[in-house]
Number of protein chains: 2
Amino acid sequence: MTETTRRDRPRADTEREIRQQARRLLVEQGREAVTLRAIARQLGITAPALYRYYDSREDLLRRVIDDICLDLGAELTADLTRIDEHDAVGGVLAVCRGFRRWALAHPQEFTLVFASPDDSAHCEVDESTGKMMRPAKDQFGRIFLNMAGKLLATHKVLVPEEEKVPADLRADLIAFRGHLLAQIEHEGIELPEQALNLSVVYLMLQFWVRLYGQVALEVFGRFPFAVANPEPLFESMLTELFDDIGLADAS
Amino acid sequence: MTETTRRDRPRADTEREIRQQARRLLVEQGREAVTLRAIARQLGITAPALYRYYDSREDLLRRVIDDICLDLGAELTADLTRIDEHDAVGGVLAVCRGFRRWALAHPQEFTLVFASPDDSAHCEVDESTGKMMRPAKDQFGRIFLNMAGKLLATHKVLVPEEEKVPADLRADLIAFRGHLLAQIEHEGIELPEQALNLSVVYLMLQFWVRLYGQVALEVFGRFPFAVANPEPLFESMLTELFDDIGLADAS
DNA sequence: TCGTGTTGTAAACACCGTTAACCGTCCCGT
DNA sequence: ACGGGACGGTTAACGGTGTTTACAACACGA
C-alpha cells in the first residue's frame with residue numbers, strides 16, 4: 001500500500017490539483033463560489049495550507065486563468081489536427097468555430113479570461129529581474145494568428161484600399177506586424193513580406209472584433225432580441241468575413 | 001433646524017441613496033466591494049436595515065443595474081440634444097460615440113450590464129400577475145434603435161443582397177422587425193414599411209455586433225496587441241460601417 | 001543527531017450576507 | 001384618548017469568507 005500522501009507527491013502536482021478544483025468550482029457554481037475553503041475542502045486539507053502554494057486568492061485565480069488559456073489553446077490545436085494540413089481556410093474556420101464552441105460551453109471561464117475589467121493583466125514587464133510576467137493569456141491569439149498567417153502564405157487575399165487604414169494606427173500596426181512576422185517565422189511558415197501589408201493586419205484586427213463581438217454577445221445573451229438559434233447567425237458572419245477578403249467559404 | 005432625519009424623508013429617497021452609494025462603491029472599488037455593510041456605513045445605518053428596502057444583495061444589485069441603464073440612456077439622450085433634430089446620421093454617430101465614451105468612463109458598470117454571464121436577465125415574463133419584469137435594461141438598445149429608425153426614415157440605405165440573410169434567422173428577424181416597427185411608430189416616426197426589410201434588420205444586428213465588439217475589447221484591453229490610441233480605430237470602424245450602408249460619414 | 005526546510009494544523013481576526021428578536025415612533029380606527 | 005399596527009431602525013447571533021500567526025509533524029542533509 002504505497003498510499004502516497006500529499007507530502008510525497010511533487011509539489012507541482014498539488015499545485016495543479018488546487019487549480020483544477022478551483023476551476024471545477026468556477027465552472028459549476030460561478031466565480032463567487034471559488035473559495036479557498038471550498039477548494040481546500042475538495043483536497044481534504046484546510047484553507048491556510050493553500051498559502052503554501054499561492055500568495056493569495058487573487059494569485060491563485062491568475063494562475064487558473066493561465067490554465068484556462070492553455071486549455072483553450074489545446075482544444076483548438078486538437079481541432080486543427082482534424083483539418084487537412086494544407087487547408088488554411090478550413091484551419092481558420094475551425095479555430096473560429098472552436099472559439100465559439102468553447103466560449104458557449106465554458107461561459108464562466110470565457111468571462112474570466114475575455115470579459116473582465118483590465119486588471120492590469122498585460123504585465124509582461126520583466127526588466128531582467130522583475131518577477132512579473134505572465135505569458136499564456138493569448139493562447140487563442142497565438143493560434144488564431146498562426147492560422148491566419150498560414151492562410152496568408154497560401155492564399156491571395158483581397159487587400160482593401162491601401163490607405164483606408166487610419167494614419168494614427170500605422171505605428172501600432174507596424175509594431176504588431178513585426179510581432180506577427182517573428183511569430184509566424186518562428187513557426188516555420190514562409191510568408192512573403194508584402195503579403196502582410198498594413199491593410200491585411202488591419203483586416204485581421206477587424207476580423208477579431210467581429211468574431212469576439214458575436215461570441216461575447218451570444219455568451220452574455222445581449223443580442224437586441226431573442227435569437228432562437230444563434231448558430232446560423234455565426235456561420236453567416238463567418239462566410240461574410242471570408243467573402244470580405246475574397247475567399248470562398250469552403251465550409 | 002428642521003434637520004430631517006432619514007425617517008422623515010419619503011422611502012423612495014432612501015432607496016435611491018442606497019443604490020447611489022452602492023454604485024459609488026462599484027465604480028471606485030469594483031464589484032466585490034459592493035457590500036451591504038459598506039453601503040450601510042456610508043448611510044450611517046447598520047446593514048440589516050437595508051433589508052427593509054431590498055430583499056437581498058442580489059436584489060439590490062439588480063436595481064442598481066436598472067439605474068445604470070437609465071443613466072446611460074439619459075446621457076445618450078443628452079448627447080442627442082446637441083445634434084440637429086433632422087441630422088439622423090449625426091444622431092446615430094452620437095449614440096455610438098456616446099456608448100463608447102460611457103463604457104470607457106464606467107468600465108465596472110459596463111461589465112455589470114453588458115458583460116456578465118446571463119443571470120436569466122431577460123425576465124420580462126409578466127403573465128398579467130407575475131411580479132417579475134424588469135424593463136430598462138435595454139435603454140441603450142431603445143435609443144440606438146430609435147436613432148436607427150429615424151435614419152432609415154430619412155435616408156435610403158444601401159440594402160445588401162436580399163437573400164444573404166440566413167434562412168434560419170428569418171423568423172427571429174421578422175419578430176424583431178415587428179418589435180422595431182411598433183416602437184418606432186410609438187415614437188411618432190414615420191417609416192415606410194418596406195424601408196425596414198429583413199436585410200436592413202440583419203444589417204442593424206451586424207452593426208451592433210461590431211460596435212459592441214470594439215467597445216468591449218477596448219474596455220477589457222483584449223486587442224491582440226497594444227493599441228496606443230484606440231480612438232482612431234473606433235472612428236475608422238464607424239466610417240466603415242456607414243460606408244457599408246452607403247452613407248457618408250458627415251462626421 | 002542536530003538543525004533546517006517543507007507542509008500541514010488550529011486559533012484567531014476582521015469582514016461578509018442574512019436572520020431573529022426587540023424597540024421606539026408615527027398614524028389610524030375605535 | 002387609547003390601543004394597535006406598520007415602519008424603520010437597532011443589537012446579537014450564525015455560518016461563511018480571506019488571511020495571519022503560532023505551532024507541530026515529517027524529511028533530509030551535515
Side-chain angles (χ1 to χ4, degrees), chain A residues 1-65 108 112 116-117 119, chain B residues 1-65 108 112 116-117 119:
Chain A
M1 291 305 206
T2 59
E3 168 173 11
T4 62
T5 108
R6 176 154 294 100
R7 283 192 118 98
D8 307 333
R9 279 183 303 169
R11 182 184 171 92
D13 282 11
T14 308
E15 283 184 13
R16 203 169 37 77
E17 195 184 353
I18 291 173
R19 298 195 304 269
Q20 208 169 290
Q21 294 297 341
R23 239 175 111 179
R24 207 168 69 84
L25 289 167
L26 172 69
V27 169
E28 293 178 1
Q29 297 167 235
R31 171 167 192 165
E32 317 250 302
V34 183
T35 285
L36 291 188
R37 286 184 153 91
I39 297 168
R41 228 172 286 138
Q42 303 287 333
L43 302 200
I45 61 179
T46 59
L50 296 177
Y51 282 82
R52 299 290 175 195
Y53 301 90
Y54 299 97
D55 289 344
S56 68
R57 178 175 181 269
E58 267 322 296
D59 181 32
L60 169 56
L61 265 186
R62 272 193 297 267
R63 310 308 174 102
V64 168
I65 288 179
Q108 298 286 349
L112 198 59
S116 291
D119 46 337
Chain B
M1 291 308 202
T2 59
E3 168 174 13
T4 62
T5 108
R6 174 154 296 101
R7 285 191 116 98
D8 307 333
R9 280 181 302 169
R11 181 185 171 91
D13 282 11
T14 307
E15 283 183 12
R16 205 171 34 77
E17 196 184 351
I18 291 174
R19 297 195 305 270
Q20 208 169 289
Q21 295 296 342
R23 242 176 110 178
R24 208 168 67 83
L25 290 167
L26 173 69
V27 169
E28 293 179 1
Q29 297 167 237
R31 170 165 193 167
E32 318 250 302
V34 183
T35 284
L36 291 189
R37 287 185 152 92
I39 297 168
R41 229 173 285 137
Q42 302 287 333
L43 301 200
I45 60 179
T46 59
L50 296 177
Y51 283 82
R52 301 288 176 198
Y53 299 91
Y54 298 96
D55 288 344
S56 67
R57 178 175 180 268
E58 267 321 297
D59 181 32
L60 169 56
L61 265 185
R62 273 193 297 267
R63 311 307 174 101
V64 167
I65 287 179
Q108 297 285 350
L112 198 59
S116 291
D119 47 336

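For the numbers below, each heavy atom of this structure counts, side chains included, while hydrogens, waters and symmetry mates do not.
To the nearest 0.5 angstrom, A:Q29 atom CD is 9.0 Å from A:T35 atom OG1. Separation of atoms CD (A:E28) and CD (A:Q108) is listed at 11.0 Å; rounding is to 0.5 Å. In this structure, B:R63 CZ and B:I18 CD1 are separated by 11.5 Å, a value rounded to the nearest 0.5 Å.
Residue-to-nucleotide contacts include a donor-acceptor pair under 3.5 Å from the side chain of A:R37 to the base of D:dG18.
Across the protein-nucleic acid pair, A:Y51 atom OH and D:dG18 atom P stand 7 Å apart, rounded to whole Å. Remark: P of D:dG8 and CD of B:E17 are 14 Å apart, rounded to the nearest angstrom. In this structure, the CG atom of B:L25 is 15 Å from the P atom of C:dC15, given to the nearest Å. When rounded to the nearest whole Å, the span between CD1 of B:I45 and C1' of D:dT11 equals 14 Å. Counting to the nearest Å, the P atom of C:dT18 and the CG atom of B:L61 are 10 Å from each other. The distance between atom OH of A:Y54 and atom C1' of C:dT7, rounded to the nearest whole Å, is 15 Å. In this structure, A:R11 places its CZ atom 15 Å from C1' of D:dA27, rounding to the nearest Å. The distance between atom CD of A:E15 and atom C1' of C:dT7, rounded to the nearest whole Å, is 13 Å.
Of the candidates C:dG8, D:dG8, C:dT18, the closest approach to any side-chain atom of B:Y53 belongs to D:dG8. Among D:dG18, C:dT7, D:dG8, the nucleotide with an atom closest to any side-chain atom of A:L36 is D:dG18.
OP1 or OP2 of D:dT17 sits under 4.0 Å from a side-chain N or O of A:R41. A:R52 has no side-chain polar atom (N or O) that falls below the 4.0 Å cut-off from OP1 or OP2 of C:dG8. Remark: B:R57 is in phosphate contact with C:dG17, judged by side-chain N or O atoms under 4.0 Å from OP1 or OP2.
Both A:D55 and A:A38 lie near DNA chain D, and the one whose nearest nucleotide falls closer to the 5' end is A:A38.
Within 4.0 Å of B:T46, counting heavy atoms only, lies at least one base atom of the nucleic acid.
B:Y54 contributes no side-chain N or O that, together with a main-chain N or O of B:L61, makes up a donor-acceptor pair within less than 3.5 Å.
At a threshold of 4.5 Å between non-hydrogen side-chain atoms, the residues B:V64 and B:R23 count as touching.
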